[in-house]
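The next block holds one structure in the form of structure tokens; read it before the comments.
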There are 2 protein chains.
Amino acid sequence: MDVQTLCLAVLAHGPASGYEIKKELEEGAYSHFFRASFGSIYPALARLAGAGLVSGREQEQAKRPDKKVYKLTAAGRRDLARRLQGPVGPDYVRSEFLLALFHADLLAPRRRRELIADRIAALKDCLARMDKDAATAPEQCRYEGIGPAFVCGYGHAILTAELDYLERNRARLEMTEASAA
Amino acid sequence: MDVQTLCLAVLAHGPASGYEIKKELEEGAYSHFFRASFGSIYPALARLAGAGLVSGREQEQAKRPDKKVYKLTAAGRRDLARRLQGPVGPDYVRSEFLLALFHADLLAPRRRRELIADRIAALKDCLARMDKDAATAPEQCRYEGIGPAFVCGYGHAILTAELDYLERNRARLEMTEASAA
DNA sequence: CATATCATGTAAGTGGTTACATGATTGT
DNA sequence: ACAATCATGTAACCACTTACATGATATG
């Protein structure tokens with residue numbers, strides 16, 4: 001699953017520029033299950049346009065640089081649907097946090113506490129943003145429909161479980177080596 | 001966080017060959033938060049050996065190809081500890097499953113059912129294996145100590161939350177377009 | 001006065017995967 | 001017979017990231 005498919009997917013919810021797609025990926029709902037940088041988004045968009053799957057139109061802006069707003073073509077929407085029919089690969093997860101905690105025995109107690117505290121803060125922050133997003137104007141939301149709602153609920157459930165686990169079990173890990181032995 | 005660090009991490013729990021490290025990564029506890037292929041493991045091991053962080057010794061085997069068993073040197077263990085002190089980056093997740101469900105409106109009802117059913121089966125399978133592993137001989141386990149136990153519990157909590165969410169909410173998604181509209 | 005946001009794009013570099021090469025042994 | 005497991009390694013390829021190039025406007 002490459003960045004091209006990802007751009008197609010974001011554009012399925014409405015027109016956007018490369019810059020806006022990036023923002024969507026790092027702040028929006030997609031941030032929980034995908035990522036991409038400018039260096040891959042812009043070339044992907046150019047190739048999609050070349051293949052006729054998206055159409056871009058230059059848009060002038062007052063007091064801001066011009067931007068190229070892309071939108072899905074009919075062919076692009078069909079292509080996305082076709083790509084989503086294909087077999088889904090397994091989730092790919094890479095967590096430096098869990099790698100570090102897996103080796104808690106090599107970590108100083110304060111380092112363990114720091115890791116856990118930071119993660120708890122990040123989880124709370126993320127959950128707060130999700131709750132706020134869900135509360136504000138369900139009509140004017142960029143993502144409507146059953147799919148986004150289902151996936152957001154999925155992400156919310158995972159984050160809640162993580163937070164719950166950490167709060168219940170942090171004491172086990174934060175003991176000093178001496179008391180743990 | 002590269003494959004070298006990962007190899008160092010696996011070897012911190014005991015000596016292993018490249019082949020065994022790969023198995024550990026796709027079947028063992030690490031599979032939940034990291035991945036790597038032979039094409040990256042063997043060169044990583046060679047470079048670690050060159051840097052004196054691991055030492056390899058050829059081991060002949062009856063009725064099996066020879067293998068090179070690597071183990072951490074004192075310098076390697078120090079180096080791993082140092083690497084784990086560094087700031088941990090954010091988790092990297094890439095889920096084709098969630099990308100597909102995010103666009104449930106482009107999926108046929110039976111496709112949605114198929115995706116959910118497959119995922120539920122995979123989750124149950126994974127949880128069953130974890131429960132079995134946890135039950136059998138805590139003494140002879142490759143991974144002992146608080147770190148692995150904590151991380152396994154973490155993974156278990158996430159998988160359980162996913163399974164729970166899917167079973168509670170699958171009906172929302174599996175309705176036909178007609179009844180959903 | 002410096003930093004952040006908005007905005008697009010390219011080039012170099014990297015870190016990885018896939019496929020290939022090789023071959024005995026064990027299970028179906 | 002055929003596929004899977006055990007076992008190591010290389011080479012070609014690929015997608016993606018980082019850094020660079022450019023520049024206006026807003027914010028602290």
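Proteins get letters first, then strands, A, B, ... in listed order; numbering begins at 1 in each.
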- Task: Five pairs at each end of the helix from C:dC1-D:dG28 to C:dT28-D:dA1: take the axis at both ends and give me the angle between them to 10°.
- Result: 50°

- For A:R94, all residues meeting salt bridge (Lys or Arg N to Asp or Glu O under 4.0 Å), sequence neighbours excluded: none

- Message: Let's see if you get this right: which residues in residues 76-87 of chain A place a heavy atom under 4.0 Å from DNA chain D?
- Response: none

- Residue pairs meeting side chain to side chain donor-acceptor pair (under 3.5 Å), one or both in residues 32-49 of chain A, sequence neighbours left out, come to none

- Do side-chain atoms of B:Y92 reach the backbone of A:F33 as a donor and acceptor pair under 3.5 angstrom? no

- Message: Using the salt bridge (Lys or Arg N to Asp or Glu O under 4.0 Å) criterion, which residues pair with A:R82? Sequence neighbours excluded.
- Response: A:D79

- Could you check how far CG of A:L25 sits from C1' of D:dC16, rounded to whole Å? 13 Å

- Task: Measure the distance from CG on A:D2 to P on D:dC14 and round it to the nearest whole Å.
- Result: 13 Å

- Item | Hydrophobic cluster (4.5 angstrom, side-chain heavy atoms) - remaining members for B:V93 | none

Polar pairs (N or O, both sides) under 3.5 Å between protein and nucleotides 8-10 of chain D?
unit_1, atom_1, unit_2, atom_2, d
D:dT8, OP1, B:K68, N, 2.8
D:dT8, OP2, B:Y19, N, 2.9
D:dT8, OP2, B:Y42, OH, 3.1
D:dG9, OP1, B:K68, NZ, 2.3

- Message: Check the phosphate of C:dG16 against A:R94, side-chain N and O only, distance under 4.0 Å to OP1 or OP2. Yes or no?
- Response: yes

- State whether A:S37 places a side-chain N or O below 4.0 Å from either non-bridging phosphate oxygen (OP1 or OP2) of D:dT17. yes

- Please list, chain by chain and in numerical order, all residues satisfying side chain to side chain donor-acceptor pair (under 3.5 Å) with A:D118, sequence neighbours excluded. none

- Message: Please report the distance, rounded to the nearest Å, between NZ in A:K23 and P in C:dA4.
- Response: 16 Å

- Message: Could you tell me how far apart A:Y92 (OH) and C:dG15 (C1') are, to the nearest whole angstrom?
- Response: 10 Å

- Report which part of the nucleic acid B:A36 touches: base, sugar-phosphate, or nothing (heavy-atom distance under 4.0 Å, all strands). sugar-phosphate

- Write down the distance between CD (B:E26) and P (D:dT5), rounded to a whole number of angstrom. 10 Å

- Query: What is the distance from CD of B:E27 to C1' of D:dC6, rounded to the nearest Å?
  - Reply: 13 Å

- Message: In this structure, how many angstroms lie between the P atom of C:dT17 and the CZ atom of B:F34, rounded?
- Response: 11 Å

- If you look only at pairs with a residue in residues 153-162 of chain A, which of them pass as a salt bridge (charged side-chain N to carboxylate O under 4.0 Å, His left out), with sequence neighbours excluded? A:R119-A:E162

- Using 4.0 Å as the upper bound for N to carboxylate O, is an ion pair formed by A:K124 and A:E167? yes

- Using whole Å, report how far CG of A:L45 lies from P of C:dA7. 14 Å

- Contact list for residues 12-22 of chain A, test salt bridge (charged side-chain N to carboxylate O under 4.0 Å, His left out), sequence neighbours left out: A:E20-A:K67, A:K22-A:E26

- Excluding sequence neighbours, so at least two apart, what forms side chain to side chain donor-acceptor pair (under 3.5 Å) with B:E114? B:R111

- Message: Below the 4.0 Å mark, does C:dG15 have OP1 or OP2 next to a side-chain nitrogen or oxygen of B:S40?
- Response: no

- Query: Under 3.5 Å, is there a donor-acceptor pair between the side chain of A:Y165 and the main chain of B:F150?
  - Reply: yes

- Message: Which residues pass the ring pair (Phe, Tyr, Trp, His ring centres under 6.0 Å) test with A:H13, not counting sequence neighbours?
- Response: A:Y143, B:F102, B:H103

